[in-house]
Amino acid sequence: MKEIRVLFTGVGRRIELLQAFRNAALVLDKTLKIYGADMAGTAPALAYCDFTRKVVAMKDAGYIQNLLDICKTDKIDLVIPTIDTDLLVLAENRERFDAIGSKVMISAPEKVRICRDKNNTSQFFVDCGLHAPMPVNDWKEYKSGFPAFIKPKDGSSSINAFKVQNEKELEVYAKQVPDYIVQPFVEGKEYTIDIFCDFLGEPISIVPRERVQIRAGEVLKTKITMDARMIEESVKLCKAFKPCGPMTVQFIRDNKTGDDFFIEINPRFGGGAPLSMKAGARSAEAILKLLSEEKVAYCTDIADGAIYSRFDQSVCIEEGRNEIKGVIFDLDDTLYSEKEYVKSGFSAVAEYLGDITFLTTVLGYFENGKPAIDELLKDLGRENEKETVLDVYRSHKPDIHLYDGVVETIKALKGKNIKVGIITDGRPEGQRNKIEALGLASLVDDIIITDELGGIQFRKPCDIAFRIMQTRWKLPASQMVYVADNPAKDFQAPQQLGMKSVWFKNEDGLYKKEEFLNYCKKVDDFKQLYECL
């Protein structure tokens, strides 16, 4: 199965959005790697990414080249912008990304320009046959009555947006708001429509929702409102705009006339878009299907009337000093060499096939990155025995050994009354055989093999095993440490839960290690590890 790689720019606090994509990959049984781009490297959503990439500022002249280099190096399939700042520059450079095989989920530049200027936005709505409060650019020319509304021409998140009651107030605010527009204030219920289209602008889901409670321009509480007129108006917008992927539209239903006055378009996922996904708009799933060249049907099963309320949650981006009372280890390539296990398994296979010299052949295939057992059986003309041979490999009693310093480190930790456990992924029989061969059951307090919890969906980065260990030990996450070797999957869950992380940088490990920029310490051996703990 092809691995799908998605890069989110301006990842910031968009944790709900990342979780929606993670869940979509789980539902569709697709392999997804999430990359997060951030300038400072301190955004909370980075802890929910598989890999983080530092970038220059979005207004920097080198920003696009920076992203192109990342996409080329990391073989990114899709770039998804999440804030207004880089929409236009990405739209204008979309073809450069196409040329290296990376799509950008962004609408055409002329359409993005419509959204970046509130004058153009209002005129666009009117041209679509919809209502919009028409703006003026000079407060002295405003003649449409009060209350009125003043805001930046290219603003977002309700920054510098004010309701004004009379001409005197308007004059005051006009001196404070840079490059403003003034328009009539519409009194009524506010709504957002989360629209998602395919790459050609055909709608896949349209979900209107009432903005019940708002803070700093972002919804805190929302109610799904599958109003037929709102959906019909959204279809008109899609035909004219042809959005690529997500589009968020805001409007107010006037209390007096009942008309819908459209105010704003953002050609990206709005902050509340994950709430529409929870209600049934399977936008993240649609993206993964589209990238896999699968057909996606229009989504009709939306939970009309559902109410969602959001909350804030913290994530630790710099570890403080406090007493460690629990240490959890990964197993493979952290406590012993996985290459040693592979060699042990291949020896068992060679013995089963009747000639120990086959070991050299199968190891050669393995070291050259080929499917070793498949190649060996092909050489021998015994492909029909593949399942039996795989069973021999998986069930053999391995000849493996702990790394130097492991036993001493574990005993020293336990001597300080520190709990020691293991969380490992893999087929239960094989992992149990490894644990028995290494004598770990008598060394540590607890062992969790994630597959035993209910299947491979419980493997890292799923956090269930870590929650179980925390519950067993009755320790706060801040007093627990996870030690592991694989940046691709090991550290998301403990970091999201608030645990400390230590990367055992195993240069002899089985898998290639990619650049790791998340929040953890790094050690090269168990002497360093003990000193670190």
Side-chain angles (χ1 to χ4, degrees), residues 20 80-81 87 91 105-118 120-134 186 188-211 219 222-254 257-287 289-290 294-306 308:
I80 299 180
L87 295 181
M105 186 152 276
I106 187 66
S107 298
E110 64 271 18
K111 298 299 172 51
V112 176
R113 291 190 188 97
I114 290 173
C115 305
R116 299 304 297 155
D117 187 321
K118 298 297 189 294
N120 294 337
T121 305
S122 295
Q123 189 60 53
F124 175 77
F125 287 134
V126 171
D127 291 343
C128 290
L130 304 174
H131 298 286
M134 297 304 292
V186 181
K189 288 185 179 180
E190 295 186 37
Y191 293 87
T192 292
I193 307 176
D194 292 318
I195 298 170
F196 184 79
C197 297
D198 63 19
F199 290 111
L200 299 176
E202 291 299 318
I204 291 174
S205 63
I206 297 174
V207 182
R209 50 185 177 82
E210 182 185 349
R211 293 161 63 86
V219 68
T222 196
K223 180 180 180 180
I224 307 300
T225 310
M226 298 301 289
D227 181 282
R229 194 204 326 166
M230 296 178 188
I231 294 172
E232 181 181 339
E233 291 166 336
S234 301
V235 171
K236 288 183 180 180
L237 288 173
C238 289
K239 286 181 179 179
F241 198 95
K242 289 291 181 183
C244 174
M247 180 170 75
T248 303
V249 180
Q250 291 187 13
F251 70 95
I252 299 172
R253 179 159 285 180
D254 190 286
T257 66
D259 292 327
D260 293 336
F261 282 83
F262 286 80
I263 297 170
E264 190 169 299
I265 302 177
N266 285 310
R268 58 172 175 81
F269 282 115
L275 306 178
S276 289
M277 296 186 202
K278 291 176 186 290
R282 309 169 85 87
S283 310
E285 289 183 30
I287 288 174
K289 286 182 177 180
L290 291 170
E294 300 174 24
K295 291 183 178 180
V296 182
Y298 183 81
C299 190
T300 58
D301 189 14
I302 306 295
D304 189 19
Y308 296 93

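For this chain, numbers begin at 1 and follow the sequence in order.
- Listed by chain and number, the residues in a side chain to side chain donor-acceptor pair (under 3.5 Å) with Asn120 amount to none (sequence neighbours excluded).
- Asp304 pairs by the side chain to side chain donor-acceptor pair (under 3.5 Å) definition with nothing, not counting sequence neighbours.
- The minimum heavy-atom distance linking Ser122 with Met134 is given by the pair CB-SD, 3.9 Å.
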Residue pair Leu290, Ile204: steps toward the side-chain contact (heavy atoms from CB on, under 4.5 Å) verdict: CA-CA 11 Å; Leu290 291 170; Ile204 291 174; 4.3 Å; yes
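- Glu264 is not listed as a side-chain neighbour of Thr121, based on a closest heavy-atom distance of 4.5 Å or more.
- Residues meeting the ring-ring contact (aromatic ring centres under 6.0 Å, His included) test with Phe251, sequence neighbours left out: Tyr191, Phe262.
- Without hydrogens or angle criteria, Thr248 side chain to Gly270 main chain gives a donor-acceptor distance under 3.5 Å.
- Legend: residues meeting side-chain contact (heavy atoms from CB on, under 4.5 Å) with Arg282, ordered by chain and number and at least two apart, are Val27, Glu285.
- For the side chain to side chain donor-acceptor pair (under 3.5 Å) test, residues two or more places apart in sequence or in another chain that qualify with Thr192 are Arg211.
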What side-chain donor-acceptor pairs closer than 3.5 Å can you find for residues 232-245, not counting sequence neighbours?
{"unit_1": "Ser234", "atom_1": "OG", "unit_2": "Met230", "atom_2": "O", "d": "2.8"}
{"unit_1": "Lys242", "atom_1": "NZ", "unit_2": "Glu202", "atom_2": "OE2", "d": "3.1"}

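- Val112 approaches Ser107 most closely through the heavy-atom pair CG2-O, 3.7 Å.
- Rounding to the nearest 0.5 angstrom, the gap separating the NZ atom in Lys189 from the CG atom in Asp254 is 13.5 Å.
- Here the straight-line distance linking atom CZ of Phe124 with atom CG of Asp117 works out to 14.0 Å at 0.5 Å rounding.
- Every residue two or more places apart in sequence or in another chain was checked for a ring-ring contact (aromatic ring centres under 6.0 Å, His included) with Phe269, and none qualifies.
- Scanning for side-chain contact (heavy atoms from CB on, under 4.5 Å) contacts around Asp259 gives His131, Thr257, Phe261, with sequence neighbours left out.
- Residues Ile106 and Pro81 share a closest heavy-atom pair of CD1-CG, 4.3 Å.
- The two atoms that bring Cys299 and Ser205 nearest to each other are CB-CB, 4.0 Å, heavy atoms only.
- Here the shortest heavy-atom pairing between Val207 and Ser276 reads CG1-OG, 3.5 Å.
- Residue pairs meeting the salt bridge (charged side-chain N to carboxylate O under 4.0 Å, His left out) criterion with at least one partner in residues 123-132, sequence neighbours excluded, do not occur; the list is empty.
- Evaluation of the side-chain contact (heavy atoms from CB on, under 4.5 Å) rule for Ala279 yields Ile224, Ile302, Ala303, Tyr308 as partners, not counting sequence neighbours.
- In terms of the salt bridge (charged side-chain N to carboxylate O under 4.0 Å, His left out) criterion, residue partners of Asp260 (sequence neighbours excluded) are, by chain and number, Arg229, Arg253.
- Between the side chain of Thr225 and the backbone N or O of Arg209, no donor-acceptor pair lies under 3.5 Å.
- Remark: Lys289 engages Leu28, Glu294, Val296 in a side-chain contact (heavy atoms from CB on, under 4.5 Å) (not counting sequence neighbours).
- Atom CD1 of Ile265 is separated from atom NZ of Lys111 by 9.5 Å, given to the nearest 0.5 angstrom.
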